[in-house]
**Q** 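Questions regarding the structure given below will be posed in turn.
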There are 2 protein chains.
Amino acid sequence: MRLSTRGRYGLRAMYELALHYGEGPIPLNFIADKQMVSVHYLEQLMAKLRRAGLVVSSRGAQGGYELSRPPEKITVGDVVRITEGSFDPVQCLSNDFGDDDCEQFGDCVVRLVWKRLRDSTNEVLDSLNLRDLCDGTIDPEDTLSEKS
Amino acid sequence: MRLSTRGRYGLRAMYELALHYGEGPIPLNFIADKQMVSVHYLEQLMAKLRRAGLVVSSRGAQGGYELSRPPEKITVGDVVRITEGSFDPVQCLSNDFGDDDCEQFGDCVVRLVWKRLRDSTNEVLDSLNLRDLCDGTIDPEDTLSEKS
DNA sequence: AGAATCCCAAGTAAACTAATCGGGATTCCT
DNA sequence: AGGAATCCCGATTAGTTTACTTGGGATTCT
């Protein structure tokens, strides 16, 4: 249950883009410098995020990446689901898994456990958006912050 | 963010032991048959659980494994943390990670996200014990069941 | 004695991770 | 027009992890 660098770098990159939202395209080498990651590796992550429609890119000099919509419209879950893959802890929770693929699909007790785990993961990560990260108002103690 | 077979088989094995709690030692081949897993592979998982004190073993004929305490005293989190490893999604959340190991340790925004993720994971998995699994009273819709 | 079981350590094929490498296609700026 | 800056794409690779398998030894019951 460890996040890969894809999810970590991906979110950090998106956080950086959120900080500079509205300032035009930000080149990857700017982000790479801040994070000590190779531009090439970041490119792979950004390609995924671009195909998913979370960022738009402009090529050529003065080009770069920017968020496709305002930071408050992009949740942490949006980002991590793309870069890291879905949160389904087990295969039998994914959409393309049929009843026939596991003989005890219907009444599998442990499956309910993994379902809860997935749901709570989605809930936590979707309760935070990129604006929240920029504002720095996340309470480290709260698990699920109630936004008043 | 996918669970390995260790966490899945481990919990299923413990669920099986919980179902037969009080009936004396259950041999591994009984569990292996039900789960279509090799006895040898299960042995590796049970070794971890035994070293962690969650099960006790008896050797020789008529031997096997049994829970070291009643099912309601063992949470799903207890089991999965042992077989799967801790839930720290990133290294900088683990105990042996010092402030010096990451220059922005103190005021790292994304780290707060991963912290929340870890806390909610622990919360969900510790809210269920092996007795709950046996009772079959888990509501598939609830993320965190309130036991009344 | 012999069967059933747990115990331990090593080996292994396949997949995955985290990159790196090399080059091509656009676009801006002068 | 030329050159620099940038994104874009696909291949390769070293290292790690996963999910086992193999082979045997120790203990206990009958």
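Proteins come first, then strands; the chains are lettered A, B, ... in the order of their sequence lines, and each starts at number 1.
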**Q** May I ask you to say what Phe30(A) touches in the nucleic acid, namely base, sugar-phosphate or nothing, with a heavy-atom cut-off under 4.0 Å?
**A**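 Contact class for Phe30(A): none.
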**Q** Among residues 37-52 of chain A, which ones have heavy-atom contacts with DNA chain D below 4.0 Å?
**A** His40(A), Glu43(A), Arg50(A)
**Q** Output yes when at least one side-chain N/O atom of Arg6(A) is less than 4.0 Å from OP1 or OP2 of dT17(C), else no.
**A**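 For dT17(C), OP1 or OP2 has a side-chain N or O of Arg6(A) closer than 4.0 Å.
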**Q** So, does Asn29(B) get its side chain near the phosphate of dA4(C), meaning an N or O under 4.0 Å from OP1 or OP2?
**A** no
**Q** Whole angstroms only, please: what is the CG-C1' distance between Asp33(B) and dA4(C)?
**A** 14 Å
**Q** Could you tell me how far apart Leu28(B) (CG) and dT27(D) (P) are, to the nearest whole angstrom?
**A**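 About 19 Å, once rounded to whole Å.
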**Q** Show me, pair by pair, the donor-acceptor contacts under 3.5 angstrom made by side chains of residues 55-73 of chain B, not counting sequence neighbours?
**A**
residue	atom	partner	partner atom	Å
Ser68(B)	OG	Gly53(B)	O	2.7
Ser68(B)	OG	Leu54(B)	O	3.1
Arg69(B)	NE	Lys73(B)	O	3.0
Arg69(B)	NH2	Lys73(B)	O	3.4
Glu72(B)	OE1	Arg131(B)	NE	3.0
Glu72(B)	OE1	Arg131(B)	NH2	2.8

**Q** Check the phosphate of dA19(C) against Tyr9(A), side-chain N and O only, distance under 4.0 Å to OP1 or OP2. Yes or no?
**A** yes
**Q** Evaluate the side-chain proximity of Met14(B) to Leu130(B): yes if any heavy-atom separation is below 4.5 Å, no if none is.
**A**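 SC-SC contact between Leu130(B) and Met14(B) confirmed.
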**Q** Let me know the distance between OH of Tyr65(A) and P of dT27(C), rounded to the nearest Å.
**A** 14 Å
**Q** Distance check: side-chain N/O of Ser57(B) vs OP1/OP2 of dC7(C), anything under 4.0 Å?
**A** yes
**Q** Verify the contact: side-chain N or O of Thr5(B) to OP1 or OP2 of dA19(D), cut-off strictly under 4.0 Å; return yes or no.
**A** yes
